[in-house]
Amino acid sequence: MESLTQSEQRELQNRMEKKQMKEFMNMYSNLVQRCFDDCINGFESKSLTSREEGCIMRCVDKHMKGSQRLGDRFQEQNAAMAQSGGALGR
Amino acid sequence: MESLTQSEQRELQNRMEKKQMKEFMNMYSNLVQRCFDDCINGFESKSLTSREEGCIMRCVDKHMKGSQRLGDRFQEQNAAMAQSGGALGR
Amino acid sequence: MESLTQSEQRELQNRMEKKQMKEFMNMYSNLVQRCFDDCINGFESKSLTSREEGCIMRCVDKHMKGSQRLGDRFQEQNAAMAQSGGALGR
Amino acid sequence: MSFLFGRQPQISSEQKIAQAEAEIDMVSDMYSRLVQSCSKKCIDTAYREADLNKGESVCLDRCVAKFFEVNVKVSEKMQGEAQNRAGGGGMFGGM
Amino acid sequence: MSFLFGRQPQISSEQKIAQAEAEIDMVSDMYSRLVQSCSKKCIDTAYREADLNKGESVCLDRCVAKFFEVNVKVSEKMQGEAQNRAGGGGMFGGM
Amino acid sequence: MSFLFGRQPQISSEQKIAQAEAEIDMVSDMYSRLVQSCSKKCIDTAYREADLNKGESVCLDRCVAKFFEVNVKVSEKMQGEAQNRAGGGGMFGGM
């Protein structure tokens, strides 16, 4: 990142906070849609079967753990790259 | 929704109107893309065949009716949820 | 496009320039994701195989040429339509 | 999804409007995902007729009900986990 | 798609700019969807060579022509339906 | 991806902030695409268990490494081509 003055950093911080809420909401909606798409395949009734409900719960769990893991690895890689002078996060 | 004053509601209304145009345009583009993807599969000529044209017309019709139906159900469910105190639209 | 005064055109120009950077970045990310999805299918190691690397290079090349071609055709069609008074770009 | 929109006692007018806006955006986003998912699951892409047939109509209705139910389940689950962590941010791997 | 952008007799400068912006956004969105759809339909994902081969090139050209034609058909159809309803909003299930 | 963010010697404070913002947006966009692609490639959609199993975990780790490597390759390639054209705009078919 370009060297920013303190007041510039504060302004940037402000803008980022507005985006974080949006990004979290997007992650949430993604999770709902993905687990719905993967787990719900029958429409013989309008209620979830217990099999579907179990699938949804495991799907949410698994994807949250997956995102956590991907986020950790992403940050490590990004930090490593920044040190070696390279691309992405800088 | 949090209780807003009248002037706050007017401001919110304003912002929503700008989004509605955008959302409509997005719905429209989605419809074009979806029907194109589902109906057009041969590229022996650069004009639509009559079979493809018929498919496009029925596709548009069907998806508009589908959206109408989904929208009605969505609003019913959302209203029911709001009454029972729950999630989503509030 | 509606007839705009010079100062209105300048303002429009300004807004467009901000979007162009965004659109370019989006094109770039799309390219990375598409070629990754199409070329990378094994995870026996954490490095690209030479086969995968070749695929990525050809994929980027091909899609850039494809976009170029699609962009040219798009503009021709759009110009032709504008002349015949019709839709899209006007 | 009230866990997403916790109410603070004292917020400015602009913040109140922005929060209401965010909630509407969220519902609107959910709706467009529902249209996407349910159309895909219920509408036959052969498009043999212009009207929704009986099977498609019933499927769409049930699909909406199930989508809401899934949303509630996921929301409850996330709320539970958020409470377990007691206010810590960074539910996802973050950025 | 002029039905999307009906001209009012008296609009402010800001509105005129916003309208022009919306039209450009629409064309730009259409273009990126066209790239998506036509690349998928025409480009072989084996990527055996870096150049577009003859078949891919011809396919892309025709794909653009067909995409435009579909867009015109859909636009005309929607315009027709909009007139039938005579100015009522809420073409879609709404939100 | 420094080719996307060439540094100009004299830019205003607003421009500096906007540039930093654009870089963060870019990284954030890349991250969400990585989540999408790697989840799809590595996570079994049968969801037989709630935990990531060994195979999935290893796959996710390697997937991140490969995604970064692909990003670097594509970035280098585009940078090379941009230099060949020496500053001409319109890398893509344009709009």
Side-chain angles (χ1 to χ4, degrees), chain C residues 1-5 7-16 18-20 22-23 26-27 30-31 33-35 37-39 41 51-82 84-90, chain E residues 1-5 7-8 11-40 42-53 56-69 71-76 79:
Chain C
M1 200 115 5
E2 187 92 18
S3 63
L4 299 177
T5 67
S7 81
E8 286 166 353
Q9 276 181 26
R10 232 174 298 121
E11 170 60 20
L12 183 60
Q13 196 67 31
N14 265 345
R15 297 194 194 176
M16 287 307 112
K18 283 190 195 156
K19 286 188 194 179
Q20 266 170 18
K22 227 175 176 172
E23 248 164 59
N26 198 39
M27 281 274 193
N30 262 335
L31 197 58
Q33 190 177 20
R34 173 177 291 260
C35 293
D37 288 347
D38 288 346
C39 295
N41 282 300
R51 208 175 53 77
E52 286 171 335
E53 191 176 330
C55 180
I56 293 287
M57 291 296 116
R58 291 187 299 275
C59 175
V60 170
D61 245 337
K62 193 171 277 224
H63 280 292
M64 281 174 68
K65 283 165 188 159
S67 295
Q68 184 72 52
R69 190 170 190 108
L70 287 169
D72 291 348
R73 287 301 96 72
F74 185 83
Q75 280 175 332
E76 287 165 19
Q77 287 269 2
N78 217 15
M81 275 208 130
S84 74
L88 263 181
R90 53 125 298 121
Chain E
M1 279 168 296
S2 48
F3 74 102
L4 285 174
F5 301 105
R7 311 294 178 208
Q8 298 100 326
I11 56 174
S12 73
S13 194
E14 170 54 30
Q15 282 173 312
K16 268 168 69 187
I17 298 173
Q19 205 169 68
E21 205 183 345
E23 294 190 38
I24 293 173
D25 287 348
M26 180 90 196
V27 178
S28 161
D29 179 45
M30 274 294 167
Y31 175 68
S32 75
R33 289 171 186 268
L34 174 150
V35 171
Q36 218 178 51
S37 293
C38 291
S39 300
K40 198 163 181 190
C42 297
I43 294 183
D44 179 15
T45 58
Y47 302 114
R48 268 181 231 94
E49 72 266 299
D51 286 314
L52 295 170
N53 61 39
E56 288 168 335
S57 300
V58 171
C59 182
L60 289 175
D61 292 354
R62 291 178 180 162
C63 189
V64 175
K66 285 198 167 189
F67 197 93
F68 266 76
E69 209 180 327
N71 183 52
V72 170
K73 295 283 174 224
V74 177
S75 162
E76 284 170 356
Q79 217 160 349

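Lettering of chains follows the sequences in order, A, B, ..., and the numbering in each one begins at 1.
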>> So, using salt bridge (Lys or Arg N to Asp or Glu O under 4.0 Å) as the criterion, who are the partners of E:Lys40 when residues are at least two apart?
In response: none
> Atom CD in C:Gln68, atom CG in E:Leu52: separation rounded to 0.5 Å?
Replying inline: 10.5 Å
> Quick one: what part of C:Met57 sits under 4.5 Å from any heavy atom of chain E, side chain, backbone, both or neither?
Replying inline: neither
> So how far is it from E:Leu60 CG to C:Arg69 CZ, rounded to the nearest 0.5 Å?
Replying inline: 7.0 Å
>> For the CD1 atom of E:Ile17 and the CD atom of C:Glu8, what is their distance to the nearest 0.5 Å?
In response: 5.0 Å
> Just how far is it from atom OH of E:Tyr47 to atom NE2 of C:His63, taken to the nearest 0.5 Å?
Replying inline: 2.5 Å
> What heavy-atom pair brings C:Phe74 and E:Leu34 nearest, and what distance separates the two atoms?
Replying inline: CD1-CD1, 3.8 Å
> For C:Asp38 and E:Thr45, which heavy atoms make the closest approach, and how far apart are they?
Replying inline: OD2-CG2, 3.6 Å
> Does C:Asp37 have any side chain to side chain donor-acceptor pair (under 3.5 Å) partners at least two apart in sequence or in another chain, and if so, which?
Replying inline: F:Ser37
>> So, taking the atom named NZ in E:Lys16 and the one named CD in C:Glu11, what distance separates them when rounded to the nearest 0.5 Å?
In response: 13.0 Å
>> Looking only at heavy atoms and a cut-off of under 4.5 Å, which of C:Ser7, C:Cys35, C:Gly54, C:Gly66 has the most pairs with chain E?
In response: C:Gly66
> Does the distance from a Lys or Arg side-chain N to an Asp or Glu carboxylate O, for E:Asp25 and C:Lys19, drop under 4.0 Å?
Replying inline: yes
>> Show the nearest heavy-atom pair for residues E:Ser28 and C:Glu23, with the distance to one decimal.
In response: OG-OE2, 2.9 Å
> In terms of heavy-atom proximity below 4.5 Å to chain E, should C:Arg15 be classed as side chain, backbone, both, or neither?
Replying inline: side chain
> What's the verdict on salt bridge (Lys or Arg N to Asp or Glu O under 4.0 Å) for C:Lys65 and E:Glu49, showing C-alpha distance, side-chain angles and the deciding distance?
Replying inline: CA-CA 12 Å; C:Lys65 283 165 188 159; E:Glu49 72 266 299; over 6 Å; no
> Counting heavy-atom pairs under 4.5 Å to chain C, which of E:Ser57, E:Ser39, E:Ala18 comes out on top?
Replying inline: E:Ser57
> Please walk me through it: do C:Asn30 and E:Val35 pass side-chain contact (heavy atoms from CB on, under 4.5 Å)?
Replying inline: CA-CA 11 Å; C:Asn30 262 335; E:Val35 171; over 6 Å; no
>> Quick check for you: to the nearest 0.5 Å, what is the distance between C:Glu76 atom CD and E:Phe68 atom CZ?
In response: 10.0 Å
> Does C:Lys62 reach the main-chain N or O of E:Asp51 with its side chain, forming a donor-acceptor pair under 3.5 Å?
Replying inline: yes
